[in-house]
Amino acid sequence: MLKVSAVAAIVLTLSLGSAAASGGSSIPSSPAPRVSPRMTPEQQAAQKYNDGLKHIEKGDKANRGASEAKDAKQSAKEEASARKEYQKAVVDLQAAIEKAPAMFQAHGSLGYALRKLGDYPAALKAYDKALELNAAYTPSIEYRAEAYLGLNRVDDAKSAYMDLFNSDRKRADELAAAMKSWLEARRQDAQGVAPETIEEFAKWLSQRGEIAGRTSALTGRKGPRW
């Protein structure tokens with residue numbers, strides 16, 4: 001992902017070289033105050049983008065803390081912290097997009113933060129924009145598919161998996177793991193998904209796992225971890 005270093009400040013030093021009339025000693029020079037140049041819109045966008053990524057990282061860390069918490073109170077505290085970080089990420093990423101509308105990475109990361117907040121429709125819009133700007137941006141293909149799963153749109157998620165299988169196997173494997181998690185969750189709580197849809201998806205996922213394993217063996221790749 002895009003990383004931008006801070007803009008270096010310009011230091012102007014003015015020297016006074018004239019000698020004092022009486023004693024002939026020079027007057028010591030005084031450093032001028034630091035003057036920071038105005039950042040371009042692109043630099044401002046990059047800074048906001050990086051700020052957004054930092055909040056996402058903190059949110060993900062808090063989410064992991066929630067899943068590993070030993071009691072419900074600590075878990076709830078971590079979840080609240082994660083939500084705050086994702087909300088901050090949304091603000092920063094939207095600011096980045098305002099300054100640089102063509103920054104597809106910012107649109108994709110915005111989709112990620114919105115998805116983590118449970119706003120799947122808004123996340124899909126952000127992912128769609130990222131892929132409109134760069135159709136080969138596989139992180140957005142994967143995460144958009146996870147948003148599809150959040151909306152129980154399994155056919156769209158399956159289509160995304162096939163795209164990734166042919167273009168980015170690592171992302172395809174990660175999506176397959178998310179699909180397995182979705183399947184396990186829906187078997188416990190269908191959330192309106194028909195039982196036959198769940199089992200058909202389970203069969204498809206099993207078949208894809210076998211195919212992935214065979215092709216991994218032929219290419220010398222490690223098989224998917226799911």
Side-chain angles (χ1 to χ4, degrees), residues 1-7 38-64 66 79-182 185:
M1 286 191 176
L2 181 64
K3 289 289 182 183
V4 179
S5 59
V7 179
R38 187 182 299 276
M39 295 176 68
T40 66
E42 291 76 14
Q43 290 170 328
Q44 293 174 11
Q47 186 178 73
K48 285 296 183 181
Y49 172 68
N50 284 334
D51 289 344
L53 292 186
K54 290 176 183 177
H55 287 303
I56 285 176
E57 290 173 0
K58 290 179 180 178
D60 288 347
K61 182 179 179 180
N63 264 343
R64 290 192 295 271
E79 287 176 356
S81 177
R83 187 169 186 84
K84 288 180 180 178
E85 292 298 334
Y86 292 132
Q87 288 170 338
K88 291 177 182 178
V90 168
V91 173
D92 284 334
L93 293 166
Q94 287 175 334
I97 290 168
E98 183 178 349
K99 295 293 183 181
M103 187 189 291
F104 61 89
Q105 300 98 326
H107 289 280
S109 295
L110 175 61
Y112 183 95
L114 289 167
R115 179 171 61 84
K116 289 295 187 177
L117 288 169
D119 192 347
Y120 297 115
L124 287 177
K125 288 182 180 179
Y127 289 135
D128 287 344
K129 185 61 179 180
L131 292 169
E132 177 186 324
L133 293 167
N134 185 351
Y137 189 50
T138 54
S140 281
I141 296 175
E142 177 196 345
Y143 292 134
R144 182 175 65 174
E146 293 192 30
Y148 287 148
L149 290 174
L151 294 170
N152 297 324
R153 292 169 56 176
V154 293
D155 288 339
D156 289 324
K158 286 160 64 175
S159 178
Y161 173 86
M162 296 307 299
D163 288 342
L164 289 171
F165 190 82
N166 295 318
S167 61
D168 189 337
R169 284 293 300 278
K170 182 177 183 296
R171 290 283 178 183
D173 290 347
E174 290 174 1
L175 176 56
M179 287 175 159
K180 184 178 181 181
S181 295
W182 178 91

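Given the structure is predicted, the values throughout are model-derived calculations rather than measurements.
With sequence neighbours excluded, the residues that form a ring-ring contact (aromatic ring centres under 6.0 Å, His included) with Phe165 are Tyr161.
Under the 4.5 Å side-chain criterion, counting only non-hydrogen atoms from C-beta, Asp155 is not in contact with Tyr148. Within the 4.5 Å cutoff, the side chain of Leu114 has no heavy atoms near those of the Tyr86 side chain. In this structure the side chain of Tyr127 never reaches within 4.5 angstrom of the side chain of His107, judged on heavy atoms. The shortest distance between side-chain heavy atoms of Leu151 and Leu124 falls below 4.5 Å.
The pair Lys99-Glu42 does not count as a salt bridge, with every side-chain nitrogen at least 4.0 angstrom from each carboxylate oxygen. Using a cut-off of 4.0 Å between Lys/Arg side-chain N and Asp/Glu carboxylate O, Lys61 and Glu57 are scored as not salt-bridged. Ion pairing between Glu142 and Arg171 holds under the 4.0 Å rule for side-chain N and carboxylate O.
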Could you go through the side chain to side chain donor-acceptor pair (under 3.5 Å) check for Asp60 and Tyr112 one step at a time? CA-CA 11 Å; Asp60 288 347; Tyr112 183 95; 3.0 Å; yes
For Glu79 and Arg83, what are the C-alpha separation, side-chain angles and deciding distance, and is it a salt bridge (Lys or Arg N to Asp or Glu O under 4.0 Å)? CA-CA 6 Å; Glu79 287 176 356; Arg83 187 169 186 84; over 6 Å; no
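No more than 12 heavy atoms of other residues, nucleotides or ligands shown are found within 6.0 angstrom of NZ on Lys58.
Note that NZ of Lys125 and CD of Glu132 are 13.5 Å apart. Values are rounded to the nearest 0.5 Å. Summarising the geometry, atom CG belonging to Leu93 is positioned 5.5 Å from atom CG belonging to Leu110; distances are rounded to the nearest 0.5 Å.
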